[in-house]
Peer 1: 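So that we are looking at the same thing, I have put the structure below in structure tokens.
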Amino acid sequence: MQMGLVGLGKMGGNMRERLREAGHTIIGYDTDPELSDTESLEAMVERIDREPQVVWVMVPDRVVDPVIDELAGLLGEGDVIIDGGNSRWTHDAPRARKLAERGIEYLDCGVSGGVWGITQGYALMVGGDDATVAKAQPIFDSLKPAGEFGFVHAGEHGAGHFAKMVHNGIEYAIMQAYAEGWELLEAAGHVRSVRETFNSWREGSVIKSWLLDLAVNALNEDEHLDRLAGYAEDSGEGRWTVEAALDLAVPVPAISNALFARFTSRQDESPAMRMIAAMRNQFGGHTVRDVAAGPEHVEAAPGEEPAHPGEQ
């Protein structure tokens with residue numbers, strides 16, 4: 001299958017390589033000419049010589065609409081635009097209606113997998129019409145992990161990004177629980193090895209998970225996380241999850257508290273937030289604050305491959 005791919009950063013660039021390895025023809029465009037296969041969006045679309053023309057957009061939420069507006073002037077009846085970024089789900093139905101006026105079809109796709117997705121596959125949550133999903137199914141099949149799980153057609157427009165938003169909210173709460181447990185173990189003087197305690201939970205424990213594997217990876221690199229500042233950013237999805245819960249009158253105390261804990265980390269140095277920052281860096285390559293570097297953001301490379309990469 002042929003497809004255009006807009007946005008070739010950490011996620012988009014790895015997705016391009018995974019799809020090419022699966023035999024697809026992927027024409028990528030990025031504003032960074034060192035990453036891009038073409039000099040413009042128009043040139044990218046011109047190189048997609050099969051119908052329907054399918055373009056996957058993998059850019060930050062703030063620039064999705066300008067990119068889609070430009071693509072709408074280049075694509076035609078029956079073509080497909082997929083927004084695979086962490087976009088706000090409330091934007092999806094209006095985008096779909098606007099594109100439908102031109103005969104262009106639209107899918108929203110939540111994507112999880114971080115920097116490991118290139119080899120382990122990506123968890124995909126898709127919103128949109130059945131017929132449109134079918135047009136892009138070969139792409140989804142190649143991006144998802146091997147095996148039965150990892151892909152869901154979650155529902156109508158907006159369902160994919162809504163599912164990914166909730167996924168990230170759950171992620172916030174799980175990471176916070178690991179981080180608080182780690183801080184408590186570190187504070188207990190009679191626990192001789194916190195790292196090995198975490199490591200022991202990776203098999204035979206009801207709390208084993210990929211995030212736990214990544215936490216151990218971080219501890220293997222810096223046993224007490226002394227090199228990290230206790231500062232953790234929040235991406236928009238955590239806030240959006242809490243806002244959606246308020247709108248729907250659904251109590252989400254664990255997710256809410258995890259979000260507020262990240263706000264707290266920006267006021268006072270927090271040992272637990274060092275673990276949150278470490279896990280975020282491990283799965284997504286997110287920037288961290290190095291204590292030695294002062295307030296500057298220093299991006300560290302993820303550690304070894306986790307033992308259970310399929311558990312996402």
Side-chain angles (χ1 to χ4, degrees), residues 1-30 32 34-38 41 43-59 64 67 71 74-75 78-87 104-154 159-161 163-164 167 210 283-285 302 304-312:
M1 183 172 174
Q2 288 191 356
M3 188 180 77
L5 178 56
V6 182
L8 302 171
K10 291 171 188 166
M11 290 280 281
N14 283 350
M15 290 166 64
R16 175 176 61 176
E17 295 310 305
R18 182 174 174 87
L19 289 168
R20 285 177 173 173
E21 289 176 5
H24 299 286
T25 299
I26 305 300
I27 303 104
Y29 171 72
D30 195 276
D32 183 347
E34 295 294 319
L35 302 175
S36 190
D37 299 321
T38 63
L41 284 176
M44 180 197 72
V45 172
E46 287 176 353
R47 286 179 55 182
I48 308 172
D49 58 11
R50 298 179 192 173
E51 295 182 354
Q53 291 179 305
V54 178
V55 177
W56 188 300
V57 178
M58 203 71 184
V59 299
V64 170
V67 171
L71 286 171
L74 301 171
L75 300 173
D79 292 339
V80 179
I81 294 176
I82 305 169
D83 176 15
N86 282 330
S87 296
I104 300 170
E105 300 172 28
Y106 175 80
L107 297 173
D108 55 282
C109 183
V111 181
S112 180
V115 296
W116 303 104
I118 187 171
T119 56
Q120 306 303 330
Y122 300 89
L124 306 172
M125 297 143 268
V126 180
D129 297 335
D130 290 340
T132 309
V133 172
K135 291 181 178 182
Q137 194 65 54
I139 293 295
F140 298 139
D141 289 342
S142 296
L143 285 174
K144 69 178 285 294
E148 182 180 356
F149 305 111
F151 169 83
V152 62
H153 181 189
H161 282 146
K164 178 56 164 48
H167 165 285
W210 186 35
F283 70 73
E304 66 188 74
E305 186 168 335
H308 306 288
E311 296 174 12
Q312 300 183 40

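Note that the structure is predicted; figures quoted are calculated from it, not measured.
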Peer 1: Checking Y29 now: which residues fulfil side chain to side chain donor-acceptor pair (under 3.5 Å) with it, not counting sequence neighbours?
Peer 2: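 Y29: no side chain to side chain donor-acceptor pair (under 3.5 Å) contacts found.
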
Peer 1: Who are the side-chain contact (heavy atoms from CB on, under 4.5 Å) partners of R20, not counting sequence neighbours?
Peer 2: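 Per chain and number, R20 pairs via side-chain contact (heavy atoms from CB on, under 4.5 Å) with R16, E17, I26, D37.
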
Peer 1: Can V55 and I48 be said to form a side-chain contact (heavy atoms from CB on, under 4.5 Å), step by step?
Peer 2: CA-CA 9 Å; V55 177; I48 308 172; 4.0 Å; yes

Peer 1: Going from NE2 on H161 to CG on D83, what distance comes out if it is rounded to the nearest 0.5 angstrom?
Peer 2: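 It comes to 4.0 Å.
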
Peer 1: What is the minimum heavy-atom distance between L75 and Q53, and which atoms define it?
Peer 2: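 Of all heavy-atom pairs spanning L75 and Q53, the closest is CD2-OE1, 3.8 Å.
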
Peer 1: Supply the atom-to-atom distance F140 CZ to L19 CG, rounded to the nearest 0.5 angstrom.
Peer 2: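 Result: 10.5 Å between the selected atoms.
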
Peer 1: Nearest 0.5 Å, please: how far is CE in M58 from CD1 in I82?
Peer 2: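 Going from the CD1 atom of I82 to the CE atom of M58 covers 11.0 Å.
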
Peer 1: Give the table of side-chain donor-acceptor pairs shorter than 3.5 Å for residues 123-139, with sequence neighbours excluded, one pair per line with atom names and distance.
Peer 2:
from	atom 1	to	atom 2	distance (Å)
D130	OD1	H153	ND1	3.3
T132	OG1	E105	OE1	2.6
K135	NZ	G78	O	2.9
K135	NZ	E105	OE1	3.4
K135	NZ	E105	OE2	2.7
Q137	NE2	D141	OD1	3.0

Peer 1: Can you list the residues that meet the side chain to side chain donor-acceptor pair (under 3.5 Å) rule with N14, with sequence neighbours excluded?
Peer 2: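 By the side chain to side chain donor-acceptor pair (under 3.5 Å) rule, N14 matches no residue at all.
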
Peer 1: I need the single residue from V64, I81, L41 that forms a side-chain contact (heavy atoms from CB on, under 4.5 Å) with V6. Which is it?
Peer 2: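 Passing option: L41.
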
Peer 1: Given side-chain contact (heavy atoms from CB on, under 4.5 Å), test L71 with M44 step by step and report yes or no.
Peer 2: CA-CA 10 Å; L71 286 171; M44 180 197 72; 4.1 Å; yes

Peer 1: Does anything in residues 106-119 pair up under salt bridge (Lys or Arg N to Asp or Glu O under 4.0 Å), and if so which pairs, sequence neighbours excluded?
Peer 2: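 Applying salt bridge (Lys or Arg N to Asp or Glu O under 4.0 Å) to every pair that reaches into residues 106-119, excluding sequence neighbours, yields nothing.
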
Peer 1: Do V111 and L143 make a side-chain contact, defined as non-hydrogen atoms from C-beta onward lying under 4.5 Å apart?
Peer 2: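 No, too far: nothing below the 4.5 Å cut-off.
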
Peer 1: Just jot down the side-chain contact (heavy atoms from CB on, under 4.5 Å) partners of D30, sequence neighbours excluded, or say none.
Peer 2: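 Only L8, D32, L35, S36 meet the side-chain contact (heavy atoms from CB on, under 4.5 Å) criterion with D30.
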
Peer 1: For T38 and A43, work out which heavy atoms get closest and say how close.
Peer 2: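 Taking every non-hydrogen atom into account, CB-CB, 4.0 Å.
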
Peer 1: Taking only residues two or more places apart in sequence or in another chain, which ones pass side-chain contact (heavy atoms from CB on, under 4.5 Å) with D49?
Peer 2: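 Per chain and number, D49 pairs via side-chain contact (heavy atoms from CB on, under 4.5 Å) with Q2.
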
Peer 1: Can you name the closest pair of heavy atoms from P145 and G150 and give their distance?
Peer 2: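 Smallest heavy-atom distance, with atoms named: CD-CA, 4.0 Å.
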
Peer 1: What distance do N86 atom CG and H167 atom NE2 have between them, rounded to the nearest 0.5 Å?
Peer 2: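 N86 atom CG to H167 atom NE2 measures 10.0 Å (nearest 0.5 Å).
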
Peer 1: For the atom pair OH (Y122) and CE (M11), what is the distance rounded to the nearest 0.5 Å?
Peer 2: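 That separation rounds to 6.0 Å.
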
Peer 1: Main chain of S142, side chain of H24: is a donor-acceptor contact present, judged purely on distance under 3.5 Å?
Peer 2: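 Side chain of H24 to backbone of S142, a donor-acceptor pair under 3.5 Å: no, none is there.
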
Peer 1: I would like to know whether S112 and K164 meet side-chain contact (heavy atoms from CB on, under 4.5 Å); could you show each step before the answer?
Peer 2: CA-CA 8 Å; S112 180; K164 178 56 164 48; 3.9 Å; yes

